[in-house]
Structures are given as C-alpha cells and as structure tokens.
4 protein chains.
Amino acid sequence: MPILGKTKREVVTEFRMAELVAAARKVFSERGFHNATMEEIAQLAGVAKGTIYLYYPSKQAAYWAAMEQGILGMLEATRRNMDVAGTVEAKIRTFIECKISYCEQNRDFFKIYYSEFGHSLTQPLRLRKQFRELYAQQARILKEVLEEGIRNQEIRPVAADAAAFAICDLTRSAATQRVLGWDKGELRNAVDFIFDLVWKGLGSR
Amino acid sequence: MPILGKTKREVVTEFRMAELVAAARKVFSERGFHNATMEEIAQLAGVAKGTIYLYYPSKQAAYWAAMEQGILGMLEATRRNMDVAGTVEAKIRTFIECKISYCEQNRDFFKIYYSEFGHSLTQPLRLRKQFRELYAQQARILKEVLEEGIRNQEIRPVAADAAAFAICDLTRSAATQRVLGWDKGELRNAVDFIFDLVWKGLGSR
Amino acid sequence: MPILGKTKREVVTEFRMAELVAAARKVFSERGFHNATMEEIAQLAGVAKGTIYLYYPSKQAAYWAAMEQGILGMLEATRRNMDVAGTVEAKIRTFIECKISYCEQNRDFFKIYYSEFGHSLTQPLRLRKQFRELYAQQARILKEVLEEGIRNQEIRPVAADAAAFAICDLTRSAATQRVLGWDKGELRNAVDFIFDLVWKGLGSR
Amino acid sequence: MPILGKTKREVVTEFRMAELVAAARKVFSERGFHNATMEEIAQLAGVAKGTIYLYYPSKQAAYWAAMEQGILGMLEATRRNMDVAGTVEAKIRTFIECKISYCEQNRDFFKIYYSEFGHSLTQPLRLRKQFRELYAQQARILKEVLEEGIRNQEIRPVAADAAAFAICDLTRSAATQRVLGWDKGELRNAVDFIFDLVWKGLGSR
DNA sequence: CATGAATGAGTCTTCATTCAT
DNA sequence: CATGAATGAAGACTCATTCAT
C-alpha cells in the first residue's frame with residue numbers, strides 16, 4: 001500500500017540515509033576525515049557500525065556523500081536566489097551573500113568543504129577531479145554573470161574566469177572568518193565589504 | 001674545538017635537521033599528513049626511522065617544523081622585499097608578487113601550507129593557534145601598509161585588517177592556481193590582476 | 001487436500017530445499033566454504049537471505065546438506081550398478097567407473113567433496129565424524145567385494161580394508177584429474193588403467 | 001664483527017623466522033587457513049602481531065611459507081634417499097617410505113599440505129599454480145624412475161606420468177591413515193602394501 | 001648519536017545470523 | 001512462510017613510537 005508514491009520501507013530508508021549523512025557530516029567536520037571513525041558516526045546516527053555499510057560502501061563514500069549533498073545544496077540555494085535578482089550587480093551581491101549565509105547555517109558542511117580544499121593538493125587525482133568539478137560549477141555561474149557585466153560595460157574587460165575564482169575565494173575566506181568567529185559583525189557588512197571591493201575593483205571606470 | 005661558535009656536533013646536527021625537514025616537507029606535501037609515513041621520510045632523508053625521533057619528538061612535530069620553516073622563509077622574503085619598496089602601492093604589489101613567487105618556487109612547502117588551512121577547522125585547538133599566529137603575522141605586515149595608505153588618503157577608509165585578509169586570500173588563491181598549473185601565464189599578469197582589483201577596489205575615489 | 005501423501009506445502013518445501021541445495025552446491029564449489037556467502041547462495045536460489053535459515057539452521061548445515069546429498073547420490077548410483085554386475089572383477093570395475101563418471105557429471109558436488117577431504121584434518125571432530133562415516137560406507141561396499149574375491153582366490157589374501165581405501169583413493173585421484181582437465185582422454189582408459197593396476201596388483205598370482 | 005659469515009642480527013632474524021614458520025605451521029594445521037588468526041600465530045611464536053608482518057607481508061604469505069618449506073623438505077629428503085637406492089625397485093620403495101615417514105614426522109606440515117589439495121579446486125588460479133608446481137616435482141622424480149623401469153622391462157609399458165600420480169596419491173592416502181591414527185601398524189607394512197600393489201600392478205608379467 | 005626490530009593500539013570492513021514486518 | 005534491514009563480533013593489517021644494541 002504505497003502512499004504518495006513511497007512505501008513505508010522507502011520512507012524509513014530515506015530517513016536512515018538522512019540521519020547517516022548528518023551524522024557523518026558532523027563527525028567528519030569535527031575530526032577531519034582521518035580522525036573520524038565509523039564507530040562514532042554509527043553511534044551518533046544511532047545504528048550499528050555495519051549498518052553504515054548498507055548505505056555507503058566505504059568511509060570515503062560516506063564522506064563524499066556528506067560533502068556532495070552540502071555542495072549541491074549550496075549551489076541550489078545560490079542559483080535560486082540569483083535567478084530572482086535582476087541586475088548584474090544584484091546577482092553578484094546575491095552570490096556572495098548566499099554562499100556566506102549558507103556556510104554559516106551549515107557549519108558542519110562548511111568545515112568539511114573547506115578542509116577538502118586543503119586535501120585537494122595531496123589527494124589522489126580521482127577524488128580531486130570530482131571535487132573540482134563541483135567547485136568549478138559555482139565559478140561558472142558567476143563567470144556568466146561577469147561576462148554579462150562586461151558586455152554591458154558595467155565591468156571592465158577582465159578575464160572573467162579569473163575574476164570568478166577570485167570572488168569565490170574572497171567569499172569563502174569571509175565565510176571562514178565568520179564560522180571561526182573571527183568576524184562577529186553583521187553579515188551585511190561582510191557582504192558589503194567584498195562586494196564593494198569587487199565592484200569597484202572590476203568597475204569600468 | 002668550537003669554530004665560529006659551533007662545535008662539529010652542532011654543525012652535523014644542523015645539517016641533519018635540515019635534511020630531515022626537507023624530506024618531511026617533500027613527503028608530507030606529496031601524501032598529506034595522514035598518509036605520510038615516518039618510514040618514507042626517514043628513507044628520503046637517508047636515516048633510520050628512529051633517528052627522526054632524536055630530532056623531533058613526534059610526527060606532528062616534524063610536520064610542524066617543516067611548515068614553520070617554510071612560513072618563516074616566506075615571511076622573511078616578503079618583508080625584505082617590501083622594505084625596499086618605497087610607496088604603499090609598491091609595497092602591496094611586492095607583497096603579492098613575493099608570496100606567489102615564493103610559493104611557486106617552494107611547491108612542497110606550499111602544498112603543506114595550503115592543506116593546513118583545510119586542517120585548521122578540524123584540528124585540535126592548540127595546533128590551530130600556532131598556525132593562525134604565523135598566518136596573522138603576514139596579515140599584520142600588510143595591515144600596517146594599508147593603514148599608511150589610508151592615512152595618505154590613497155586608500156579609502158576601510159577596515160584595514162579585513163582588507164589585509166582579503167589580499168592574503170586572493171594571493172593564496174592565485175598561488176594555488178599557478179602551482180596546480182591551471183594558470184600558466186606570466187607571473188606578472190597574475191600579480192597585476194590581483195593588484196588592480198585591490199587597488200581599484202580600495203582606491204580612494 | 002493431500003495428494004500422493006503430500007500436501008501442497010510439503011511439495012513447495014521440497015522444491016525450495018532442492019533449489020537451495022543446488023544453489024549452495026554451486027556457490028560452495030566455486031568459492032569454497034569460507035569464501036562463499038549466504039547472500040550469494042540466496043540470490044542464486046532466488047530467495048532472500050533469511051529464507052535459507054528457514055530450511056537450514058546455519059551455513060555449515062547448508063554446506064553439509066549439499067555434500068551429503070551428493071555423496072548419497074554417488075553411493076546409490078554405484079551400488080545400483082554394482083548389483084547388476086555379476087563377477088568380482090566386474091564389480092570392481094563398475095565401482096571405479098561409476099565413481100569417476102558420477103564425479104564428472106556432478107562437478108559442483110565433486111569440488112565440495114574433494115575439498116572436504118582437505119578440511120577433514122583441520123575441522124572440529126564432530127564434523128569429521130559425519131564425513132568419515134559416509135566415506136567409509138563406500139569403502140565398505142568395496143571391501144565386501146574384495147573379501148569375496150579373496151575367498152574365491154581371485155585375489156591374494158591382502159588386508160581387504162586397506163585395499164578398499166587404496167582403490168577409493170586411486171579412483172578419486174583419477175576423477176580429480178579428469179575434472180581439472182589434466183586428463184582429457186576417454187573415461188574407459190582411465191578406468192582400465194586403475195583397474196589393471198589394482199587387479200594385477202592384488203591378483204592371486 | 002661477523003662470525004661464520006653471519007652477524008648476530010642475522011642469526012636472530014633467522015631464528016625468528018624459523019619460530020614464526022613453526023608457529024604458523026602449527027596454527028594453520030590445527031585450524032585451517034581461514035580459522036587461524038594472526039594473533040594466535042603471534043602468541044605461539046612469542047611475538048606481537050605486527051612482528052609477523054615484518055617477515056611475511058600477509059597471512060597468505062605466512063601460510064605459503066609454512067607449506068613451501070615443508071614440501072621442499074620432503075622433496076629434499078626423498079630425493080636424497082632415492083639417490084642412494086640402486087635399483088628401480090628400491091627407488092620406488094624408498095619414495096613411498098620417505099614420503100610416509102616424513103609426513104608422520106612432520107604432522108603439522110602434513111595437515112596443511114593435505115588440506116591444500118582440498119583448496120586446489122576452489123582457490124584462485126595463481127595460488128593453485130604455485131602449489132601444483134611443487135606437487136608436480138614429486139611426480140616428476142618418480143616418473144623418471146618409472147621410465148627407467150619401463151626401458152629395463154621391469155615395468156610394463158604404461159603411461160609413466162599417470163602411474164607416477166597414482167603412486168603419489170596412494171602414498172598420500174597411506175600417510176593420511178597413519179597421521180589420523182586409522183592405521184596404527186608398522187610403517188614397513190604400509191610401505192610393503194603399496195609397493196606390492198604397485199610393483200605387481202605395473203610389473204611386466 | 002644512530003639504528004631498525006619489535007610493539008600493540010587502533011580501524012575499516014565483512015558477513016553469519018536475527019527478527020520485526 | 002518469506003523478507004531483507006540491522007546487528008556486532010571478529011580479524012587482517014598499518015604505523016607511530018620505543019628501546020636494546
């Protein structure tokens with residue numbers, strides 16, 4: 001007797017997976033990949049160790065799942081809000097704000113995400129590729145906006161991709177400072193600061 | 001028979017330590033902290049595993065020594081060159097150029113350094129403190145220059161420390177792209193790009 | 001509504017068990033006891049893992065069932081054919097031929113059977129007993145024939161049980177070589193070889 | 001200060017390895033490969049678990065080392081005694097006697113050796129190859145003797161390799177019965193029985 | 001000082017078995 | 001009867017660290 005297209009079992013499964021991802025995210029964010037143990041994740045999720053392996057084939061996979069879900073969520077939120085914004089200016093500001101705000105509200109994710117940048121130089125190539133691909137998507141969204149700005153002559157003719165990376169990095173840095181508690185000011189101020197820097201720095205005059 | 005204030009033993013010790021730091025740097029940079037083994041470091045340095053423990057009390061310590069040396073070197077090089085530069089403008093440009101250039105020439109160090117940012121959110125507090133302290137020194141140098149610029153009215157009255165962090169991050173990002181080979185252009189162009197962004201972004205008009 | 005003395009349930013049960021034994025035989029023969037998994041057996045039998053436990057209390061039991069069925073089948077086939085044979089000579093030849101031929105036609109069984117000899121030295125005593133008992137039955141059949149031959153003076157007065165074991169072993173070895181494909185000749189030749197060796201070796205002259 | 005071509009360390013290493021092989025042999029022979037644990041082997045050898053891995057890269061390797069050493073020992077002993085024997089008849093008898101006697105005196109080895117035959121049908125190909133290769137060496141020695149006998153017309157013109165295998169198998173069976181305690185008679189009798197069977201069975205008349 | 005053999009705590013992963021549905 | 005998700009015990013293997021030589 002499936003209701004709403006889902007059997008009870010499917011609902012349970014979905015719930016379990018969500019719990020597991022959340023537990024994984026929390027433990028990985030607190031300990032880092034290597035110091036996290038499957039045992040601790042299992043306990044936090046309230047299941048036995050073996051149960052994790054019913055949902056994820058390995059520690060790596062669980063880690064990746066936690067991160068990917070977070071990145072996709074951030075991407076999704078950012079994109080949705082940018083679509084609403086009308087001007088190039090508003091879109092860039094929205095991008096900065098959304099990312100910082102999402103990271104602040106999803107600290108566990110942010111810690112994993114951020115530390116993954118650190119790994120990206122030492123990890124085996126295959127894992128790096130996956131991560132870079134997701135990261136590049138963010139930059140791409142921004143790049144298109146920047147290119148629009150350049151066509152409008154709102155922005156001077158710079159290398160759009162380099163600029164996009166720069167904005168991403170500045171935003172990430174700001175997020176870090178807020179998550180770590182170094183910056184305890186208003187979100188608005190942090191966004192304004194970056195946006196001003198960028199908008200003036202790239203401005204056409 | 002001490003010569004030049006150093007006994008033979010001290011010279012040998014110093015030499016050994018330098019070799020060990022270099023080996024550690026290389027191995028840690030290739031494998032990351034957790035996947036590096038003392039065995040590999042020892043082999044690369046041409047000593048036995050136990051010997052490392054005569055110079056460093058733990059793996060962590062060896063890691064930290066490798067990183068600290070690198071950061072201090074970078075700091076030193078940057079400072080020396082900035083002192084020569086006359087204007088605020090030149091100093092900022094020098095800062096950016098020196099850091100990128102140092103990172104490009106010391107890739108092993110850079111990889112460790114960069115990945116340490118990733119760890120800085122998940123590491124135990126004590127280690128983070130040490131790292132942050134060194135990192136903050138760089139920002140401080142820059143902050144003073146920016147404050148000078150603000151007094152001169154070359155730079156508009158922004159929060160100097162936030163701006164300093166922003167410049168550090170932008171610079172680090174550029175270094176990353178160059179070390180990873182994503183940016184294969186002239187060093188000059190990368191420096192110009194960041195400098196222009198910053199100088200225009202922070203400029204007084 | 002029992003028909004032919006069996007209710008529908010009994011028929012289904014019997015069918016299920018036959019399927020399970022066949023699946024177990026196949027998987028055990030391919031992987032060996034330890035590397036076989038209940039999961040794989042279940043899949044091959046087209047049932048869920050838990051279902052196996054409705055028919056067999058443990059992995060060991062399933063394994064044993066697969067083997068026992070095979071041994072009894074071999075014993076039965078051998079006995080039936082020996083009963084038809086008239087002379088001692090014919091009976092011995094039939095024994096050899098039946099065993100080899102049965103093994104060639106039931107390779108899954110043979111692999112388990114053969115590997116069980118290997119286990120028989122390291123297994124806990126209780127399991128060994130069961131296996132040895134079945135094995136001894138074969139030797140006993142042969143022993144009686146040999147004793148008949150000795151009474152007839154067709155065979156010289158040797159220890160009948162030792163001779164029976166020897167013939168069993170020679171036969172098993174021949175079967176192995178055929179199953180492994182080392183001996184690709186006619187079945188007839190293999191049988192002749194063993195029989196000649198034995199008949200001449202044990203002959204009264 | 002090496003003495004007799006060996007440093008003290010080498011002597012210790014050699015001793016350690018011998019102890020480990022012996023412990024491995026004992027544990028594997030009692031439990032079988034899968035039920036043996038590295039922990040138990042280590043305890044029996046009086047070392048820590050990790051120490052085993054200094055000498056053997058894996059459980060498999062330790063197992064194989066224990067077996068190989070035993071097979072080579074048996075081969076060596078057999079060959080040495082056969083070389084002394086003058087006639088074909090004496091050589092065959094010696095072969096049978098040596099093998100049985102070696103197995104009786106090295107029961108731990110024999111159990112592993114014997115059980116390996118069982119595995120040889122289910123093991124991955126690579127391992128089987130190694131084992132079969134060693135096994136085949138024994139058969140080859142015998143085969144050459146048989147061929148000599150055929151040339152001498154002491155033996156009727158049979159397939160020498162099939163006969164060699166048959167003798168090996170008969171011998172192994174006899175060894176099994178003695179090791180298991182089924183045959184508690186004189187070694188001499190067991191040897192005589194097999195030899196008579198074979199010698200009459202293959203005899204030229 | 002230098003060595004490297006030895007240690008053993010620490011973890012991921014597997015899989016037979018159970019049991020609520 | 002049948003299911004298959006959940007369990008958790010068990011074990012191979014790694015590697016930082018120690019210490020006798």
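Residue numbering restarts at 1 for every chain, and letters A, B, ... go by the order of the sequence lines.
Atom CD1 in B/I41 sits roughly 11 Å away from atom P in F/dT17 (whole-Å rounding). One can place NZ of D/K59 at 13 Å from C1' of E/dT14, the figure rounded to the nearest angstrom. One atom, NZ of C/K49, and another, P of E/dC19, lie 15 Å apart when rounded to the nearest Å. When rounded to the nearest whole Å, the span between CE of D/M38 and P of F/dA12 equals 7 Å. Atom-to-atom, CD of B/Q43 to C1' of F/dC15 comes out at 14 Å; the value is rounded to the nearest Å. In this structure, OH of B/Y53 is placed 18 Å from P of E/dC1, rounded to the nearest angstrom. Rounded to an integer number of Å, the gap from CD of C/E14 to C1' of F/dC1 is 17 Å.
Side-chain nitrogen and oxygen atoms of A/R16 include at least one within less than 4.0 Å of the OP1 or OP2 phosphate oxygen of F/dA6. For C/Y55, a side-chain nitrogen or oxygen approaches OP1 or OP2 of F/dA2 to under 4.0 Å. OP1 and OP2 of E/dT11 both lie 4.0 Å or more from every side-chain N or O belonging to A/T37.
Ring geometry for D/Y63 versus D/F28: interplanar angle over 60°, hence perpendicular rather than tilted (30 to 60°).
Mapping A/L54 and D/E39 onto DNA chain F by nearest heavy atom places A/L54 at the nucleotide closer to the 5' end.
Note on A/A36: only backbone sugar-phosphate atoms sit closer than 4.0 angstrom, heavy atoms only; bases stay farther off. Among the protein residues, D/T13 comes within range of no part of the nucleic acid, since none of its heavy atoms lies under 4.0 Å from any strand. As judged by a 4.0 angstrom heavy-atom cut-off over every strand, C/A62 is placed among residues making no nucleic acid contact.
With a 4.5 Å cut-off on side-chain heavy atoms, C/M17 and C/E14 do not count as touching. Considering only heavy atoms from C-beta on, A/L20 comes within 4.5 Å of A/V47 through its side chain.
A salt bridge links C/K26 and C/E30; the closest N-O separation between the charged side-chain nitrogens and carboxylate oxygens is under 4.0 Å.
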